[in-house]
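Chain naming here is simple, since letters A, B, ... match the order of the sequence lines and numbering starts at 1 in each.
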Amino acid sequence: MAKAIPSRSENYSEWYNELIKKANLAENSAVRGCMVIKPYGFAIWEKMQRALDDMFKETGHENAYFPLFIPKSFLSKEASHVEGFAKECAVVTHYRLKNAEDGSGVIVDPDAKLEEELIVRPTSETVIWSTYKNWIQSYRDLPLLINQWANVVRWEMRTRIFLRTTEFLWQEGHTAHATEAEAEAETRQMLDVYATFAEEWMALPVLRGHKTANERFAGAVDTQCIEALMQDGKALQAGTSHFLGQNFAKAFDVQFLSKENKLDYVWGTSWGVSTRLMGALIMAHSDDAGLVLPPKLAPIQVVIVPIYRNDEQLDALSEKLKPLVAELRKAGISVKYDDSDANKPGWKFAEYELRGVPVRLAMGGRDLENGTVELARRDLKTKETVPFDGLTERIKTLLDDIQQTIYERAKAFRADNTFRVDTKEEFEEQIEKGGFLLAHWDGTSETEEAIKEATKATIRCIPFDQEPEAGTDPFSGKPSQGRVVFARAY
RNA sequence: CGGGGUGUAGCGCAGCCUGGUAGCGCGCUACGUUCGGGACGUAGAGGUCGUGGGUUCGAAUCCCGCCACCCCGACCA
């Protein structure tokens, strides 16, 4: 047991950190708060990117790229936007280094001070809207549907690998529309894209809803989000979509001539998901033996382990297994055939469990005689001996089943950890245990703040499917029209 | 930014209190035996003890500064 990780119940954060390291997803870097994403981890991110990118394209978006640096003056054009991000911006002040006179190394050349300082983008609304001003003149230029894949920097006080790093990777969509209704529809459409991606690809059930004013994106009129529940009972915001109204259009003077020859400001949206999704993926499904990956995002879907005593046996197994590898690949399944002599089968079994490979196929001398293989599934940790013939179909079905089972399991977990609470006492007791709390809220920021102060819980969202229900806020005693979702969050 | 903890071989740690030849386990290399749930033997390689100063005949060990990382809180995707 050379590579065991701590259990979730022992220490959830240590389990999370160790799992990421041991499964070769990522590691901390020489730079504070920044991570190195390792090949295995990046392969998962690439699969996420691919799936999302396809969905963006299907909904009519195009990719582009805008600069890493933002002139300081841009950021201050939208008042609430700058207020939201000012505290966490990295600033470039100089453009040259030189050797120190005393030979102690390189120093910043004081003569190379930038006239206008540059901000490393914490998000790109400002630089993009300053560009849109030039791109948009007429209603014929609209809608403008752009996405970019990029890195951003937010100087956070406390970082946590994948969940909150100083630099992270993401995509940010930025669209401009002729009408308010169209921009609102776009905001909702992209949130639904995220929800579909989370549920169908990540096997992660999510709640969809609006953020409260407190939790809203700096510069947005409305922020919509998908919220997921992690195994430790904490909530995680997995994606956001913002209706920007005409805020950025006005800040950057982006106007267009309508069909009626009237000049008006365009309506905007922006939406994003980040490498934080990796954290969500890990925390939602994995267990004490390691990662559990949904087949649709697993870099390796099937690992094949031959069990042999000598070269002759390996040759005999390979002769049987290599055509299977080819057949599985032809069926679009990613397969690793691990015939390396470096480790014993038992070691390999543990290793691939740690790395979350959904299906393991083992074949030894006995199987060869019987025309069978051993098929093991990572999600349930069960295994069965099955006929060699018809394996490709069987594995395809199995992968689908695993994808479904992981999703259902996460959904059941969420159902078991969602509670309707009606009194302050119930609320305070339950929030300590974790989970989503459905409680009445009087709609005021003051009460929301007070609840956060008292319980560390925030309103994760006002669900789209909120049922109208008369009640009273358990904290303020004031009337409420419906329940919102509270939780402690990452 | 507050509170706590840790920095010694690739990884995990002991040694520090009480200064005196830098150690253990895993991993790594070679060879042999093994191989159906994290194998074993033999022989090896590998460390300016985070960093800068100080005390001392002598510092991983004592003193001061700095840096980094982790955990817990306040801010955030």
- Task: Using a 4.0 Å heavy-atom cut-off across all strands, classify Glu353(A) as base, sugar-phosphate, or nothing.
- Result: base

- Message: Tell me the interatomic distance from Leu163(A), atom CG, to rC71(B), atom C1', rounded to whole angstroms.
- Response: 15 Å

- Can you tell me how far C1' of rC35(B) sits from CG of Leu317(A), to the nearest Å? 12 Å

- Item | Between P of rG36(B) and CG of Leu361(A), the distance in whole Å | 16 Å

- Using a 4.0 Å heavy-atom cut-off across all strands, classify Gly365(A) as base, sugar-phosphate, or nothing. base

- Query: If pairing requires Watson-Crick or G-U wobble contacts with both distances under 3.5 Å, which nucleotide is the partner of rG36(B)?
  - Reply: none

- Task: Check every atom of rG37(B), rA77(B), rG36(B) against the side chain of Ile307(A) and return the nucleotide holding the closest atom.
- Result: rG36(B)

- Query: According to a strict under-4.0 Å criterion, is Lys344(A) in side-chain N/O contact with OP1 or OP2 of rG36(B)?
  - Reply: yes

- Query: Checking all strands, does Gly290(A) fall into the base, sugar-phosphate, or nothing category for heavy-atom contacts under 4.0 angstrom?
  - Reply: nothing

- Message: Please classify the nucleic acid contact of Thr165(A) as base, sugar-phosphate, or nothing, using heavy-atom distances under 4.0 Å.
- Response: base

- Verify the contact: side-chain N or O of Ser13(A) to OP1 or OP2 of rC70(B), cut-off strictly under 4.0 Å; return yes or no. no

- So does Asn343(A) get a side-chain nitrogen or oxygen closer than 4.0 Å to the phosphate oxygens (OP1/OP2) of rC35(B)? no

- Side chain of Asn28(A) (C-beta onward), nearest among rC75(B), rC70(B), rC35(B): rC70(B)

- Within 45° of the ring axis of Tyr40(A) and under 6.0 Å from its six-membered ring centre, is that where the NZ or CZ of Arg355(A) lies? yes

- Phosphate OP1/OP2 of rC71(B) contacted by Asn17(A) side-chain N/O (<4.0 Å): yes

- Query: Should the ring pair Phe217(A) and His242(A) be called parallel, tilted or perpendicular, given that the plane angle runs from 0 to 90° and is split at 30 and 60?
  - Reply: parallel

- Message: Would you call the rings of Phe243(A) and Trp267(A) parallel, tilted or perpendicular, taking 30° and 60° as the class edges?
- Response: parallel

- Between Lys320(A) and Asp367(A), is there a salt bridge with N-O shorter than 4.0 Å? no

- Give a yes or no on whether a salt bridge exists between Arg360(A) and Glu353(A), defined as a side-chain N under 4.0 angstrom from a carboxylate O. yes

- Quick one: does Lys381(A) reach the base of rG37(B) with a side-chain donor-acceptor pair under 3.5 Å? no

- Task: Name the pairing partner of rC49(B), where a pair is Watson-Crick or G-U wobble with both distances under 3.5 Å, or state none.
- Result: none

- Item | Trp347(A) side chain, from C-beta outward: closest of rC75(B), rG38(B), rG37(B) | rG38(B)

- Message: Using a heavy-atom cut-off of 4.0 Å across all strands, would you classify Glu374(A) as base, sugar-phosphate, or nothing?
- Response: base

- Query: Mind checking whether Phe168(A) and Trp170(A) have parallel, tilted or perpendicular rings, split at 30° and 60°?
  - Reply: perpendicular

- Query: Quick one: Leu314(A) CG to rG36(B) P, roughly how many Å, whole number?
  - Reply: 14 Å

- Could you state the CG-C1' distance from Asp288(A) to rG37(B), rounded to the nearest angstrom? 17 Å

- Message: Taking pairing as Watson-Crick or G-U wobble with both contacts under 3.5 Å, can you name the mate of rC28(B), or confirm there isn't one?
- Response: rG44(B)

- Tell me what Arg160(A) touches on the nucleic acid: a base, only sugar-phosphate, or nothing, going by heavy atoms under 4.0 Å. sugar-phosphate

- Which whole number of Å gives the distance between the C1' atom of rA22(B) and that of rU48(B)? 13 Å

- With both distances kept under 3.5 Å, what pairs with rG73(B), Watson-Crick or G-U wobble? rC1(B)

- Separation of rC70(B) atom P from Glu156(A) atom CD, nearest Å, is 14 Å

- Query: Asp341(A) side chain: which of rG37(B), rU34(B), rA74(B) is closest?
  - Reply: rU34(B)

- Message: Any base atoms under 4.0 Å from Phe168(A), or only sugar-phosphate, or nothing? Heavy atoms, all strands.
- Response: base

- Query: Taking atom P of rG36(B) as reference, at what distance in whole Å does atom CD of Gln313(A) sit?
  - Reply: 11 Å

- Query: Atom CD of Glu27(A) to atom P of rG12(B): distance rounded to whole Å?
  - Reply: 11 Å

- Task: State which of rG37(B), rA77(B), rC75(B) makes the closest approach to the side chain of Met157(A).
- Result: rC75(B)

- If pairing requires Watson-Crick or G-U wobble contacts with both distances under 3.5 Å, which nucleotide is the partner of rA14(B)? none

- Message: For the P atoms, the ones on rG73(B) and on rG12(B), what distance do you get once it is rounded to whole angstrom?
- Response: 24 Å

- Query: So, is Arg158(A) near the phosphate of rA74(B), with a side-chain N or O under 4.0 Å from OP1 or OP2?
  - Reply: no

- Query: Within the pair Arg309(A) and rU33(B), is there a side-chain N or O less than 4.0 Å away from OP1 or OP2?
  - Reply: no

- Task: Would you indicate what Lys456(A) reaches in the nucleic acid, counting non-hydrogen atoms under 4.0 angstrom: base, sugar-phosphate, or nothing?
- Result: sugar-phosphate

- Message: Whether Glu432(A) and Arg488(A) form a salt bridge (side-chain N of Lys/Arg under 4.0 Å from carboxylate O of Asp/Glu) is what I want to check.
- Response: yes

- Item | 5′-ward residue of the pair Ala238(A)/Ala362(A) relative to RNA chain B | Ala362(A)

- Task: Would you kindly compare Val373(A) and Gln237(A) by the position of their nearest RNA chain B nucleotide and give the one closer to the 5′ end?
- Result: Val373(A)

- For rG20(B), give its Watson-Crick or G-U wobble partner with both distances under 3.5 Å, or none. rC57(B)

- Query: What is the ring orientation for Phe66(A) with Tyr132(A), classed by angle as parallel under 30°, tilted 30 to 60°, or perpendicular over 60°?
  - Reply: perpendicular

- At under 4.0 Å between heavy atoms, what does Leu236(A) touch on the DNA or RNA strands: base, sugar-phosphate, or nothing? nothing

